[in-house]
Every structure is written in C-alpha cells, then in structure tokens.
Amino acid sequence: MRYDLIIFDNDGVLVDSEPISNQLLAGYLTELGHPTTYEESLRDFMGGSVQRIRDVVREKSGRTLPADFEASFHTRVFDEFRRRLQPVPGVETVLEKLAADGVPHCVGSSGSHERIRVALTKTGLFERFGEGRIFSSQDVGRGKPAPDLFLHAAKEMGVEPGRCAVVEDSPLGVQAAVAAGMDVYGFTAMTPAVKLAEAGATALFTEMAELPELLQ
C-alpha cells in the first residue's frame with residue numbers, strides 16, 4: 001500500500017450517524033427559534049464541530065445558542081445512538097483488511113471524545129482503534145475545514161502528512177485533508193459526489209467495498 005497511515009472520519013464513515021444526528025439537530029435548532037430543515041442541517045453542519053453550529057447560527061441570526069446547548073444536544077444524540085446506531089455497511093471488512101495487512105489506521109473526527117466513544121462502543125468498533133488512535137477536534141484549536149486535526153493525528157501517529165490518506169464524507173472534511181497535504185477519498189453515501197469533488201477529493205467511492213483497492 002502506498003500510504004503509511006489511513007485516517008478515518010467517524011460520523012458517516014465508520015458509523016451511520018449522520019441521519020440520526022442531523023434530524024435531531026434540525027429539530028432542536030427549530031425548537032430554539034432557529035428554523036432548520038434536515039437538508040439545511042446536512043448542508044451547513046455535516047462534518048463540522050459543535051462550535052461551528054454556534055458560529056453559523058450567530059452569523060445568520062445575530063443570536064447565540066444557550067450555554068447548555070452542547071450538553072442538551074449530546075444527551076439527545078447519545079440516547080439515540082445507544083438505541084439504534086449501526087456501523088456503516090462494509091466498514092468492518094475494510095478495517096479487518098487493514099489490520100491483516102499491517103496498515104496503521106486511526107480516527108480523526110470533529111465529534112467530541114465522548115461522542116466518538118459512545119458511537120464506536122455501540123457499534124462494536126471501539127476495540128479496533130483504542131484510546132491511542134482516536135483524535136477529536138477537542139484536541140486542537142480549530143476544527144475542520146482547518147487542517148489542524150489531521151496534522152495532529154499524523155504527528156501523534158509518527159507519519160508525515162504526505163504519507164497519509166483520509167477517508168471523508170463531507171466537504172468540510174475533504175477541505176481539511178487537502179489543506180493538510182493529504183490524499184482524501186470521498187465517500188458519497190450522504191453527500192453528492194460533485195460536492196466532494198469540488199472540495200478537492202482525490203477519488204470518490206459509493207460503497208465501502210471499493211475502498212481497499214483505491215488505497216493500493
């Protein structure tokens with residue numbers, strides 16, 4: 001394989017969480033007086049951190065979200081994750097192949113460490129990574145689309161950015177990987193391929209089964 005490290009986004013790439021979290025987010029923002037549809041939530045917030053939600057709402061409305069927004073939103077999300085979250089179809093086979101081939105891999109997610117742990121534990125994927133190979137936007141000053149998170153993951157894993165590949169499903173994540181100087185493979189299950197291509201994806205794929213061959 002031509003890469004020394006594969007960095008996986010979590011939401012939408014490892015776990016099928018984007019429909020759950022964006023439905024809840026749209027509903028909660030609407031409750032708080034910021035009418036938001038599911039489609040708008042995907043467009044504006046998918047792949048970003050909770051701080052990005054605050055920033056976008058402030059920019060659009062001039063108002064700030066409540067101080068307890070993160071805690072209340074995460075309570076709703078985690079309850080639903082524990083009830084019905086599933087791994088992305090085919091991702092377990094991809095992770096098994098990488099492990100069998102001895103290819104280092106890790107997680108680089110905009111979500112909090114708690115969110116990542118809840119999601120990966122519920123889907124049975126946590127043991128495939130462990131504490132030392134999970135990186136969150138909480139670990140850096142700026143979240144995606146800034147390159148900080150991916151550069152931090154590469155540094156912690158001891159790999160040069162140019163030897164890394166990132167697997168992403170959002171334009172924000174693709175932009176972050178490109179800014180980090182990494183190849184990025186765009187998973188089009190939730191995002192139109194044209195959006196990921198415009199963001200600079202190296203290659204696009206629609207099924208996880210396609211990924212191992214692309215990484216060769």
Side-chain angles (χ1 to χ4, degrees), residues 1-18 42 46-49 52 87-111 116 119-120 125 128-130 132-137 139-216:
M1 185 170 289
R2 55 192 162 128
Y3 300 107
D4 295 333
L5 176 66
I6 312 300
I7 305 175
F8 288 89
D9 177 40
N10 183 44
D11 293 295
V13 171
L14 295 175
V15 298
D16 193 16
S17 56
E18 294 293 7
L42 289 173
M46 182 174 162
S49 64
R52 176 180 170 80
V88 166
V91 77
E92 291 167 293
T93 300
V94 171
L95 296 176
E96 287 172 1
K97 177 168 178 51
L98 291 176
D101 292 345
V103 180
H105 47 286
C106 67
V107 178
S109 171
S110 291
I116 300 168
L120 294 183
L125 298 178
R128 297 187 183 275
F129 295 96
R133 291 191 288 144
I134 294 176
F135 306 100
S136 160
S137 61
D139 302 330
V140 295
R142 301 177 300 169
K144 304 170 188 178
D148 304 32
L149 174 58
F150 292 138
L151 292 174
H152 171 70
K155 182 179 179 180
E156 290 296 308
M157 295 292 291
V159 178
E160 290 296 319
R163 297 294 301 163
C164 298
V166 176
V167 185
E168 267 287 355
D169 71 329
S170 73
L172 290 175
V174 171
Q175 291 168 21
V178 170
M182 302 176 181
D183 286 350
V184 54
Y185 294 83
F187 183 40
T188 62
M190 288 290 297
T191 304
V194 65
K195 296 292 186 184
L196 300 181
E198 289 172 351
T202 306
L204 303 171
F205 66 104
T206 58
E207 301 286 343
M208 274 294 162
E210 302 171 55
L211 183 58
E213 184 173 348
L214 290 174
L215 294 173
Q216 296 299 320

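The structure presented is a predicted model; accordingly, all values stated were derived computationally and were not measured.
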Checking the side chain of Ser109 only, and the main-chain atoms of Ser136 only, is there a donor and an acceptor separated by less than 3.5 Å? no

Separation between CD of Glu210 and CG of Leu204, rounded to the nearest 0.5 Å: 10.0 Å

List in chain and number order the residues that pass side chain to side chain donor-acceptor pair (under 3.5 Å) with Thr93, two or more places apart in sequence or in another chain; answer none if no residue qualifies. none

As an exercise, state the distance from CE of Met182 to CD1 of Ile6, rounded to the nearest 0.5 Å. 11.0 Å

What do you reckon, is CD of Glu96 surrounded by more than 12 foreign heavy atoms closer than 6.0 Å? yes

Validation row: Leu211, Phe8 side chains within 4.5 angstrom (heavy atoms): yes

Looking only at heavy atoms, what is the nearest atom pair of Ser49 and Ser137, with distance? CB-OG, 4.0 Å

Does atom CD (Gln216) have a neighbourhood of more than 12 heavy atoms from anything else shown, all under 6.0 Å? yes

Looking at every non-hydrogen atom in both residues, tell me the closest pair between Leu125 and Glu92 and how far apart they are. CD2-CG, 3.6 Å

Distance col, row Phe150:CZ vs Glu168:CD, nearest 0.5 angstrom, shows 4.5 Å

Flag the pair Ile116 / Phe129 as yes when at least one side-chain heavy-atom distance between them is below 4.5 Å, and no otherwise. no

Which one of Ile7, Asp9, Val178 satisfies the side-chain contact (heavy atoms from CB on, under 4.5 Å) criterion with Val184? Val178

Looking only at heavy atoms, which two atoms of Met46 and Ser170 are closest? And how far apart? O-CB, 3.6 Å

Where Val103 and Tyr3 come nearest, the two heavy atoms and their spacing: CG1-O, 4.5 Å

Any side-chain to backbone donor/acceptor pair from Arg142 onto Leu149? Under 3.5 Å, distance only. no

Pairwise distance CG(Leu14) to CG(Leu95) - rounded to 0.5 angstrom: 6.0 Å

Minimum side-chain heavy-atom gap Val194-Glu198 below 4.5 Å: yes

Can a donor-acceptor pair be found, under 3.5 Å and without considering hydrogens, that links the side chain of Arg133 to the backbone of Met157? no

All side chain to side chain donor-acceptor pair (under 3.5 Å) counterparts of Arg52, not counting sequence neighbours: none

More than 12 heavy atoms of other residues, nucleotides or ligands under 6.0 Å from CD of Glu207: yes or no? no

Under 3.5 Å donor-acceptor, Thr206 side chain and Thr188 backbone: no

Write down the atom of Val159, the atom of Cys164, and the distance for their closest heavy-atom approach. CG1-SG, 3.7 Å

If you measure from CG on Leu5 to CG on Leu98, what distance do you get to the nearest 0.5 Å? 10.0 Å

Atom pair CZ (Arg163) and CZ (Arg2), whose distance is rounded to the nearest 0.5 Å: 9.5 Å

Smallest separation among heavy atoms of Thr191 and Pro171, with atom names: CG2-CD, 4.0 Å

Quick one: does Val174's side chain get under 4.5 Å of Lys144's, heavy atoms only? no

Quick check: do Val13 and Val88 have side-chain heavy atoms less than 4.5 Å from each other? no

Summary of ring-ring contact (aromatic ring centres under 6.0 Å, His included) pairs that have at least one residue in residues 186-213, sequence neighbours excluded: Phe187-Phe205

Give a yes-or-no answer on whether the side chains of Ser17 and Asp11 include a donor-acceptor pair shorter than 3.5 Å. yes

Kindly indicate whether the side chain of Val94, heavy atoms from C-beta on, has any atom under 4.5 Å from the side chain of Pro212. yes

